[in-house]
Amino acid sequence: MLQVIGRASCRDTQKAVRWLNERRKEYQFVDLSKRELSEKEWKSIFSSCSPDEYIDAKGKYFTKNGYAWRDYDPEEEVMEHPELLKTPVLRVKEKAAVGFDEDFLRNATC
């Protein structure tokens, strides 16, 4: 089953959920403000996407905490601070895509 990982307040997450609802597709919504991701969920994100894709370098948390000037392990930091994750993350089994990706949604729900 398709997972939409994000926050209810995120516009792109809302867009992905709306796209799925309009097409009556089944999905599971994971709200990062209410639930932490499992180790398996994190691994599928990390294996499918590069740090440049899943780190939200334009986000408030990234700029406020000076990540642009830090040396850090992207995987470790995102797991500790999910606020750094660019949302939504669309995940099916071991595949994942970051951001609203209509092609991924279409292929994942066929």
Side-chain angles (χ1 to χ4, degrees):
M1 177 181 283
L2 173 70
Q3 272 188 330
V4 178
I5 302 167
R7 289 175 193 79
S9 60
C10 171
R11 297 262 186 209
D12 284 339
T13 301
Q14 292 170 359
K15 187 176 179 180
V17 168
R18 186 171 41 254
W19 191 93
L20 291 163
N21 286 337
E22 288 172 353
R23 287 152 184 84
R24 292 180 167 74
K25 303 294 184 179
E26 286 189 40
Y27 66 93
Q28 176 190 18
F29 177 66
V30 178
D31 192 344
L32 287 173
S33 60
K34 295 181 181 177
R35 178 171 93 75
E36 291 185 18
L37 297 179
S38 70
E39 189 74 30
K40 187 177 178 183
E41 290 169 324
W42 282 120
K43 285 184 180 183
S44 70
I45 294 169
F46 298 149
S47 66
S48 300
C49 308
S50 71
D52 293 337
E53 291 177 303
Y54 65 77
I55 296 280
D56 188 5
K58 296 179 182 176
K60 291 178 188 176
Y61 193 86
F62 185 89
T63 55
K64 181 180 176 184
N65 291 294
Y67 281 94
W69 297 280
R70 282 189 191 183
D71 282 336
Y72 62 93
D73 178 24
E75 292 180 11
E76 187 177 305
E77 285 297 317
V78 170
M79 288 175 70
E80 286 180 34
H81 307 285
E83 300 89 356
L84 288 169
L85 188 63
K86 193 181 295 182
T87 56
V89 176
L90 310 170
R91 190 177 94 80
V92 177
K93 297 180 184 177
E94 297 300 317
K95 297 178 186 175
V98 177
F100 179 76
D101 186 345
E102 194 170 330
D103 291 334
F104 186 87
L105 287 172
R106 190 172 288 113
N107 293 331
T109 58
C110 290

Residues at least two apart in sequence or cross-chain that pass salt bridge (Lys or Arg N to Asp or Glu O under 4.0 Å) with E102, listed by chain then number, are R106
Which heavy atom of V92 sits nearest a heavy atom of A108, and at what distance? CG2-CB, 3.4 Å
With a cut-off of 6.0 Å (strictly less than), are more than 12 heavy atoms of other residues, nucleotides or ligands near CZ of R23? yes
Of all heavy-atom pairs linking T63 and A57, the shortest is CG2-O, 4.2 Å
Using 0.5 Å steps for rounding, measure from the CG atom of D31 to the SG atom of C10. 10.5 Å
Atom OG in S48, atom CD in E94: separation rounded to 0.5 Å? 7.5 Å
Closest non-hydrogen atom pair between L32 and P82, with its separation: CD1-O, 4.5 Å
Minimum heavy-atom distance between I5 and R91, given as atom pair plus value: CD1-CD, 4.3 Å
Quick one: pull up OG in S38 and NZ in K43 and give me the separation to the nearest 0.5 Å. 10.0 Å
Looking at every heavy atom in both A96 and V89, which two are closest together, and how far apart are they? CB-CG1, 4.3 Å
Among the clusters formed by ILVMFWY side chains lying less than 4.5 Å apart, do F104 and F46 turn up in the same one? no
Measuring only between side-chain heavy atoms, which start at C-beta, is M79 closer than 4.5 Å to E39? yes
If I take atom CD from residue E77 and atom CD from residue E83, how far apart are they, to the nearest 0.5 angstrom? 10.5 Å
Side-chain (E53) to main-chain (S50) donor-acceptor, under 3.5 angstrom: yes
Answer yes or no: is there a side-chain heavy-atom contact under 4.5 Å between L84 and N65? no
Is any side-chain heavy atom of F29 closer than 4.5 Å to a side-chain heavy atom of T13? yes
Enter the distance from E76:CD to W42:CH2 here, rounded to the nearest 0.5 Å. 12.5 Å
Can we say R35 and E41 salt-bridge, meaning some charged N sits less than 4.0 Å from an Asp/Glu carboxylate O? yes
Output the distance between atom CD (E75) and atom CD (E80), rounded to the nearest 0.5 Å. 12.5 Å
Whether over 12 other heavy atoms sit under 6.0 Å from Q28 CD: yes
Is there a path from M1 to I45 through hydrophobic residues (I, L, V, M, F, W, Y) whose side chains come within less than 4.5 Å of each other? no
Mind checking whether R18 and K15 have side chains closer than 4.5 Å, heavy atoms only? yes
Should the ring pair Y72 and F62 be called parallel, tilted or perpendicular, given that the plane angle runs from 0 to 90° and is split at 30 and 60? perpendicular
Find out if a path of hydrophobic residues (ILVMFWY) with successive side-chain heavy-atom gaps under 4.5 Å connects Y27 to F100. yes
Q3 side chain to L90 backbone, donor-acceptor under 3.5 Å: no
Honestly curious: do Y67 and L85 fall in one hydrophobic cluster under the side-chain, below-4.5 Å linking rule? yes
For S44 against K93, the heavy-atom pair lying closest together: CB-O, 3.9 Å
